[in-house]
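Report on the structure given below.
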Amino acid sequence: MGDTVMRITTKSRYATRMVLDIALHCENGPVQSRDIAERQNISLKYLEKLIRELRRAGLIESRRGPQGGHLLARPADSITVGDIVRIMECPPKYDDCTCTAGGECDACPQAQTCLTKAIWVETTRAMFEKLDTFIIGELLD
């Protein structure tokens, strides 16, 4: 059968790279989108979409103007990769199952009779438990 890999979406991977880039380069003030896009090899248009989602969720703040750009809205030591993935994968889930780590499966027509629900709920919970151990501030060291 070979090795199978659980994949995090491009949105989550790129958003994590972007948050790390901001944390790494914000010591001199806001970090501009074009600089992040260039360093991380992410299209500016796609990056701006991710910025909007992270700003709406309160993870980053943006400033307009010639000296504008983006900053973390919270200290890097209080942001986990799990936080970022939860924002990008709303609602967070494993694979195509609609069940979340909290066990909510409202969108699934099989929720009441699903024989595998516990597997996917536990898998999602374990994945986020592990992602929460990766703290942005610690990844910069």
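All of these numbers come straight from a predicted model, not from anything done at the bench. Only heavy atoms go into these numbers, but all of them, side chains included; no hydrogens, no water, no symmetry mates.
With sequence neighbours excluded, the residues satisfying ring-ring contact (aromatic ring centres under 6.0 Å, His included) with Y46 are Y14.
Atoms CD1 and CD, from I87 and E89 in turn, are 11.0 Å apart once rounded to the nearest 0.5 Å. We find the CG-CG distance between L20 and L140 to be 6.0 Å, quoted to the nearest 0.5 Å. The structure places CD1 of I60 at 4.5 Å from CD1 of I22, a figure rounded to the nearest 0.5 Å. Taking NZ from K11 and CG from L50, the interatomic distance works out to 7.0 Å, rounded to the nearest 0.5 Å. How far CD1 of I36 is from NE2 of H25: 9.5 Å, rounded to the nearest 0.5 Å.
Annotation for E38: atom CD does not count as buried by contact number, only 12 or fewer foreign heavy atoms lying within 6.0 Å. For CD of E27, the number of neighbouring non-hydrogen atoms (other residues, nucleotides, ligands) closer than 6.0 Å is greater than 12.
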Cut-off 3.5 Å, no hydrogens considered: what does the side-chain donor-acceptor table look like for residues 68-80, sequence neighbours left out?
unit_1 : atom_1 : unit_2 : atom_2 : d
H70    : ND1    : S62    : OG     : 2.7
H70    : NE2    : S33    : OG     : 2.7
R74    : NH2    : S78    : O      : 2.7
R74    : NH2    : D83    : OD2    : 3.0
S78    : OG     : P75    : O      : 2.8
T80    : OG1    : G82    : N      : 3.3
T80    : OG1    : D83    : N      : 3.0
T80    : OG1    : D83    : OD1    : 3.4
T80    : OG1    : D83    : OD2    : 3.3
T80    : OG1    : D132   : OD1    : 3.1

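Taking every heavy atom of both residues into account, M88 and S12 meet most closely at CB-OG, 3.3 Å. Shortest non-hydrogen contact noted between T133 and K130 is OG1-O, 2.6 Å. The minimum heavy-atom distance between I136 and A23, with the atom names listed, is CG2-CB, 3.9 Å.
For the pair E48 and R52, the minimum side-chain heavy-atom distance is below 4.5 Å. The shortest distance between side-chain heavy atoms of V31 and R39 falls below 4.5 Å.
Cluster annotation: M18 and I135 are assigned to distinct hydrophobic clusters (Ile/Leu/Val/Met/Phe/Trp/Tyr, side-chain heavy-atom contacts under 4.5 Å, transitive).
A salt bridge is defined here as a Lys NZ or Arg NE, NH1 or NH2 lying under 4.0 Å from an Asp or Glu carboxylate O, and R125 with E122 meets this definition.
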Check the pair I42, R17 against side-chain contact (heavy atoms from CB on, under 4.5 Å), reporting the backbone distance first and the verdict last.
CA-CA 10 Å; I42 301 171; R17 286 171 39 200; 3.8 Å; yes
